[in-house]
Structures are given as C-alpha cells and as structure tokens.
K.L.:
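Starting off with a structure, shown below.
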Amino acid sequence: MKVLVSDSLSNEGLEILKEHFNVDVCTGLSEDELVEKIKGYDALVIRSGTQVTQRIIEAADNLKIIGRAGVGVDNVDVDAATKKGIIVTNAPEGNMISAAEHTIAMMMAMSRNIPQANASLKAREWKRNKFMGVEVKGKTLGVIGLGRIGSEVAKRASGLEMNLMGYDPFISEKRAKELGVKLATVNEIAKEADYITVHTPLIKETRNILDDEQFGLMKKGVRILNCARGGIINEEALARAIESGKVGGAAIDVFVEEPPFGSPLLNFDNVIVTPHLGASTQEAQVNVAIDIAKEVVSVLSGGPAKNA
Ligand code: NAD
Ligand code: MLT
C-alpha cells in the first residue's frame, strides 16, 4: 500500500509508516500538483500546510484515510471525504501541552513587552521606561473553549494566581470547578476579563465569537490571545478595537490567511505575533507523528480509527 506525506512529519512517525507501506514525502505541492499526485495512494498524511480540497478528494481514486498530524481538521473538506467513504482522522493529544505552553508564553511576553524590548535593545536602544509591563497575578483570564488545550491553559494560569472565567457549552459545572473556572457567557467574559484567550475549534458557532459587539463590552486595555485558529476572533474587529485603544494588546499565533502578510494586525506595535508555532516543539511533533502513523497503520490493516 502507498502513503503520501504532503507536509513535514517527524522521522519517528515516518519510520512506523515505512515499516508497513511505501511512503512518499512530497511537501509544498500546489492544489493542481496534489490533484495529479494523489492518484493511487491509500493514505494521505498532512499537517496544517496542505489544504485538502474537494478537487483533491474527487481526484483520489484509491484513498481510504486522511490523517492529520495535529488537532484541527479545518484544512480538510471533511464532508467531501465522508461522502467518498474516506476516513478523516487526527492526533488530538500529542500537541496540547505545547499549545498551552505557547499560549502562556505569549501572555507573559505580551504583558512584559518582551518582543518589543528585545527588538529595541538589538537596535542599540536602552529605553527602560518605554517597556513598562503589568503583572498577571490577580488579573482575570477568560478562557473560551475548555477542552484539552483550554483546560491546560487554565491550570497553568491558576499557578500564576490569575482568576479564571470560562465559556464552553459542553463542559460540566463539576469540571469547571475542578479547574477553578467560574463559568460565564461570552459577553460576561467580555465585560469582566483582563485577558481573553480562545481555544475552540473553528466551526460556524465559533467563527467571529469575539466581534465588534464583544469588543464594545470589554474593559479598556483588555489583552486578547488567539493560539487556536484564525477566524475565531474577527481580525478586522480586533484591529478596530486596537486602533480605538479599547484593546491594550494582542498575542496572535494563527490567522485567517496564513501567511498573514495582508493582515492589519501586523501593523500594530502592541500586537505580538508568531507564525503558527503553537505545536512547534520537538516533543509535540514526535508525539503527533507517532500517533497519526499508528492510526494510518490501524486503518489500512482493517482496524479501527481511534480519532475519526
Ligand atoms: P478540544 O476539542 O479538546 O477543545 C475544544 C473545546 O471547544 C471543547 O471543549 C468544546 O466543547 C469547545 N467548544 C465547542 N464549541 C464551542 C463554542 N461554540 N463555544 C465555546 N467552546 C466551544 O480541542 P483542543 O485540542 O483544545 O484545540 C483547541 C484549538 O486549538 C483548535 O482550534 C485547534 O485546532 C487549535 N490548535 C492550535 C495549535 C497551534 O499550533 N496554534 C495547536 C494545537 C491546537
Ligand atoms: C493543530 O491544529 O494541531 C495545529 O494547528 C498545529 C499544527 O499542526 O500546526
């Protein structure tokens, strides 16, 4: 059987696949190239770089499984795949600690202006007054989406002695209590929080969950984080709220379009950005590569898909 890996995958995962299948690694393919290339393959393994469109799925004549080495399957046309009987599966656990740690790193970097101060000193400036920061202790963090990553963020923020509010329609009071999170609506979080971070999937219910209405309700100086998916926060609305001075800072790892070279968010000094690095640690990449390789082996051997 043949497996096509169209985004970079750690060797640990590739080795597992190679024990069972013929594996081709071809990264950076355009949609047209992938439409040609996909023919004959039994499995396609991707990260976030490959957009698996309806055209690619229609062109696939032997495909049984699309395996996403990571969490979000928003880069796959899941409906088109399902209609063709192709399993879409992911590796949801391997990168959750890395994504949570990145969120905390971004929150601290934003609070203490670390990227701006770093750039300033390297430009041979010594401006200690310019980079006055704030403590997070005693501040309220609103967490929207309390699944794997949101919960890990909450636990870590609790260790930083922050107060926690959260919104997730599928979390129980008991679980929220265990995490030390006061459950609230999105608008209540908007009104009360000093920091707001989103950790939901990008689906129709969560697209633009923070929009002009919510920014209007927020405290002046609120700080916003998105290390989940571009589009959960309306980027234009966020830009307007930064422009008006309502939002005091933002830390953004993910964008509606990636790379986000046209995004208005890149123009503000008080917005810190990273190029979708939430899962970019050695540990996470080994974990997700192994998990997705095992999933592909299972499915192509007639076994179950754990995360379909
Ligand atoms: P998860 O499925 O474990 O958690 C998502 C949570 O969102 C669930 O608890 C769910 O109940 C909740 N949710 C669903 N609909 C909601 C709604 N309408 N309002 C509020 N909450 C809602 O997923 P996860 O592993 O925690 O991942 C969270 C996000 O982070 C995903 O978008 C994922 O793609 C992204 N992610 C990004 C990176 C990165 O590199 N930046 C890395 C890993 C994951
Ligand atoms: C994910 O959803 O797992 C992340 O976007 C990480 C990635 O694969 O880049």
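Just so you know, ligand 1 is whichever comes first in the structure, and atom 1 is the first atom listed for that ligand. Residue numbers start at 1 and run along the sequence shown.
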K.L.:
For ligand 2, note which part of Ala99 has a heavy atom under 4.0 Å away: side chain, backbone, both or neither.
P.N.:
neither
K.L.:
What atoms in ligand 1 come closer than 4.0 Å to a heavy atom of Tyr167?
P.N.:
19 (N), 20 (C)
K.L.:
Please tell me whether Thr274 and Asp253 have a donor and an acceptor in their side chains that are separated by less than 3.5 angstrom.
P.N.:
yes
K.L.:
Tell me: protein heavy atom nearest atom 18 (N) of ligand 1, and distance?
P.N.:
Thr206 CG2, 3.4 Å
K.L.:
Looking only at distances, can you tell me whether any N or O atom of Val71, backbone or side chain, sits closer than 3.5 Å to an N or O atom of ligand 1?
P.N.:
no
K.L.:
Ignoring angles and geometry beyond distance, decide whether Pro92 reaches within less than 3.5 Å of ligand 1 through its nitrogen or oxygen atoms.
P.N.:
no
K.L.:
Looking only at protein heavy atoms, which one is nearest to atom 3 (O) of ligand 1, and what is the separation?
P.N.:
Arg148 N, 2.9 Å
K.L.:
Quick one: does Ala279 get an N or O within less than 3.5 Å of an N or O on ligand 1?
P.N.:
yes
K.L.:
Hey, is ligand 1 close enough to Cys227 that some N/O pair sits below 3.5 Å?
P.N.:
yes
K.L.:
Among all protein non-hydrogen atoms, which one is nearest to atom 43 (C) of ligand 1, and what is the separation to 0.1 Å?
P.N.:
Asn95 OD1, 3.4 Å
K.L.:
With a 4.0 Å cut-off on heavy atoms, is Ala69 in contact with ligand 2?
P.N.:
yes
K.L.:
For His199, counting its heavy atoms only, list the atoms of ligand 1 lying under 4.0 Å from any of them.
P.N.:
5 (C), 6 (C), 7 (O), 28 (C)
K.L.:
State the atoms of ligand 2, each with its element, that fall below the 4.0 Å cut-off from a heavy-atom position in Ala279.
P.N.:
6 (C)
K.L.:
Give the residue, atom name and distance (to 0.1 Å) of the protein heavy atom nearest atom 8 (O) of ligand 2.
P.N.:
Arg68 NH1, 2.7 Å
K.L.:
Counting only heavy atoms closer than 4.0 Å, does ligand 1 sit against the backbone of Thr200, its side chain, both, or neither?
P.N.:
both
K.L.:
Using distance alone, determine whether Gly72 and ligand 2 share an N or O pair under 3.5 Å.
P.N.:
yes
K.L.:
Provide the number and element of each atom of ligand 1 under 4.0 Å from a heavy atom of Val254.
P.N.:
41 (N)
K.L.:
Tell me which protein heavy atom sits closest to atom 27 (O) of ligand 1, plus the residue, atom name and distance to 0.1 Å.
P.N.:
Ile149 CD1, 3.5 Å
K.L.:
Students should be able to answer this: which protein heavy-atom is nearest to atom 5 (O) of ligand 2, and at what distance?
P.N.:
His276 NE2, 2.7 Å
K.L.:
What's the shortest distance from atom 3 (O) of ligand 2 to any protein heavy atom, and which residue and atom give it?
P.N.:
Val71 N, 2.6 Å
K.L.:
For Glu125, does the CD atom sit with more than 12 other heavy atoms under 6.0 Å from it, leaving out its own atoms?
P.N.:
yes
K.L.:
What part of Leu146, side chain from CB on, backbone N/CA/C/O, both or neither, has a heavy atom under 4.0 Å from ligand 1?
P.N.:
backbone
K.L.:
Give the atoms of ligand 1, by number and element, whose distance to some non-hydrogen atom of Gly72 is under 4.0 Å.
P.N.:
34 (O)
K.L.:
Nearest non-hydrogen atom to atom 7 (O) of ligand 1 belongs to which of Gly278, Ala100, Pro201?
P.N.:
Pro201
K.L.:
State whether Arg240 and Glu243 are salt-bridged, where the test is any N-O pair (Lys NZ or Arg NE/NH1/NH2 against Asp/Glu carboxylate O) under 4.0 Å.
P.N.:
no
